[in-house]
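As a basis for the values below, the full set of heavy atoms in this structure was taken, side chains included, without hydrogen atoms, waters or symmetry mates.
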Amino acid sequence: MNGRIAIIGFGEAGRTISAGWPVARRTLAAFDVKLASSETREAMAARCREADIAGYSLAADALAGAATVFCLVTADQAVVAARHASASVVPGTLWFDGNSCSPDSKRQAAAIVEAAGGRYVDMAIMAPVHPKKHRVPVLIAGPHAEAGLAVLTALDMNAAVAGMEVGQASAIKMLRSVMIKGLEALTAECILAARRAGVEAQVLASLQASDPGFDWQARSSYNLERMTAHGSRRAAEMEEVEKTVAALGLPPRMSVAIAAWQQQIGALGLAFEDEDPAAGDHGLATRADAVLNRL
């Protein structure tokens, strides 16, 4: 790998994926809007120091001399980030847009980056970044996908080409999210209502009998934790899914409802510790009660 690698958005994905790259840490630079705010600057600066990455409060400083850029902001900020950074993109720079947004949003961002001389790559992260970290499966698409694949391979990432058109990777990600985030939302409505009615044990037993290959108790506890930790971010993603489904001429009824549940639970301000191994229910009752007490 030659040249600096810039990371736009140093949240969970940016920190976790970059931690495993086989490159000198001095070649990495990060920009995050939290470094530009007095309220969040110190916490984000500490994260950069912990990761041994230079953090910058201006995108232009992080992008200076960068041959590769990973844009990993929230779903609703992908186009904004591209527009904000476009004036600082070095001609020929590979711009990996790993944000969870609709194909139309990816195409908008691509037009901005390409107009600035960059080479845009639609990148979809297809699983949680933990525990696989930089080896998490990713799909890439667009006219620069093959060049992008060479870079990701050099970074020891687990990437595959989904197609030669921008939007093909993100379409797979978006439509998959109807099911993945939908299962989380269904879990919340089912288990929380069953807990409040005092029948969660019977509901879970019935589900387990119907589908014995799926650990309903463990998965329900995990799904609640994911929604409390990342619900707001998931809601932003589901709003992009709504756009994707609507653009295909279908009513995004499920996507709208999923976004609402994700947003409501994510806004509760709950943070759960890792589940207690001694808890026979994987911590489900404790987590469900904590959510119910805030609703």
Side-chain angles (χ1 to χ4, degrees), residues 1 5-23 25 28-34 43-44 46-53 55 62 68-78 81 94-101 106 121-141 148-149 151-162 169-170 172-184 218-219 221-238 240-241 262 266 271-275:
M1 289 292 300
I5 300 175
I7 304 163
I8 306 299
F10 203 56
E12 180 184 31
R15 295 195 308 275
T16 306
I17 291 173
S18 64
W21 290 339
V23 297
R25 307 308 287 173
L28 305 180
F31 162 75
D32 195 289
V33 292
K34 291 183 177 180
M44 180 54 69
R47 289 179 180 176
C48 291
R49 289 193 297 271
E50 182 180 352
D52 196 20
I53 287 178
T68 305
V69 177
F70 285 85
C71 185
L72 299 167
V73 296
T74 54
D76 57 340
Q77 293 298 305
L94 277 168
W95 180 283
F96 292 92
D97 188 340
N99 299 300
S100 298
C101 52
K106 289 286 180 91
V121 180
D122 171 14
M123 185 173 85
I125 300 170
M126 299 303 295
V129 293
H130 292 290
K132 294 184 178 180
K133 301 181 180 180
H134 72 296
R135 294 293 297 168
V136 64
V138 300
L139 296 176
I140 57 175
L149 182 62
V151 169
L152 297 185
T153 300
L155 291 173
D156 192 35
M157 292 182 66
N158 180 17
V161 175
S170 58
I172 297 169
K173 166 78 171 178
M174 291 290 95
L175 299 177
R176 175 183 181 273
S177 289
V178 176
M179 188 64 68
I180 299 300
K181 275 65 175 184
L183 284 173
E184 292 176 353
R219 189 67 187 191
S221 183
Y222 173 80
N223 285 349
L224 280 180
E225 188 278 329
R226 292 288 83 189
M227 290 180 74
T228 55
H230 304 297
S232 296
R233 190 172 71 196
R234 279 161 153 70
E237 177 180 330
M238 289 310 301
E240 293 293 313
V241 175
Q262 292 280 358
F272 296 131
E273 301 292 333
D274 291 340
E275 66 181 60

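Put simply, the side chain of T16 never gets that close to the backbone of A13: no donor and acceptor are under 3.5 Å apart. At distances below 3.5 Å, at least one donor-acceptor pair connects side-chain atoms of R25 with backbone N or O atoms of A51. With D76 contributing its side chain and A236 its backbone, the two residues share no donor-acceptor pair below 3.5 Å.
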Inset, instruction - Determine, step by step, whether L152 and F70 satisfy the side-chain contact (heavy atoms from CB on, under 4.5 Å) criterion, reporting the C-alpha distance in whole Å, the side-chain angles of both residues, the deciding distance to 0.1 Å, and the verdict. - result: CA-CA 11 Å; L152 297 185; F70 285 85; 3.6 Å; yes
Legend entry - Pair H134-D156, side-chain contact (heavy atoms from CB on, under 4.5 Å): steps then yes or no: CA-CA 7 Å; H134 72 296; D156 192 35; 3.0 Å; yes
Inset, instruction - Would you check, one step at a time, whether the test side-chain contact (heavy atoms from CB on, under 4.5 Å) holds for N99 with Q77? - result: CA-CA 9 Å; N99 299 300; Q77 293 298 305; over 6 Å; no
Inset, instruction - Would you please test L72 and I125 for side-chain contact (heavy atoms from CB on, under 4.5 Å) and show each step? - result: CA-CA 10 Å; L72 299 167; I125 300 170; 4.0 Å; yes
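Taking 4.0 Å as the cut-off between side-chain N and carboxylate O, E184 and R226 do not count as a salt-bridged pair.
A distance of 4.0 Å separates CD of Q262 from CE of M227, quoted to the nearest 0.5 Å. Separating the CG atom in D97 from the NZ atom in K106 is a distance of 4.5 Å, to the nearest 0.5 Å. With values rounded to the nearest 0.5 angstrom, R176 atom CZ is found 10.5 Å from M174 atom CE. In this structure, CG on D52 lies 10.5 Å from OG on S18, to the nearest 0.5 angstrom. Rounded to the nearest 0.5 angstrom, L175 CG and I180 CD1 are separated by 12.5 Å. The CZ atom of F31 lies 10.5 Å from the CE atom of M44; values are rounded to the nearest 0.5 Å.
Residues L183 and N223 come closest through the heavy atom pair O-ND2, 3.9 Å. Closest of all the heavy-atom pairs between I8 and A81 is CG2-CB, 4.4 Å. In this structure, A154 and P22 approach most closely via the heavy-atom pair O-CG, 3.7 Å. Of all the heavy atoms in D32 and K34, the pair that sits closest is OD1-N, 2.8 Å. Minimum interatomic distance between L155 and W21 (heavy atoms only, all atoms of both residues): O-CD1, 3.5 Å. Residues A62 and A6 come closest through the heavy atom pair O-CB, 3.5 Å.
The side-chain heavy atoms of R15 and V129, taken from C-beta on, include no pair separated by under 4.5 Å. Counting only heavy atoms from C-beta outward, the side chains of I17 and V138 never approach each other to under 4.5 Å. Within the 4.5 Å cutoff, no side-chain heavy atoms of V121 are placed close to those of V151.
Screening E237, K181, R234 against S100 for a side-chain contact (heavy atoms from CB on, under 4.5 Å) leaves a single residue, E237.
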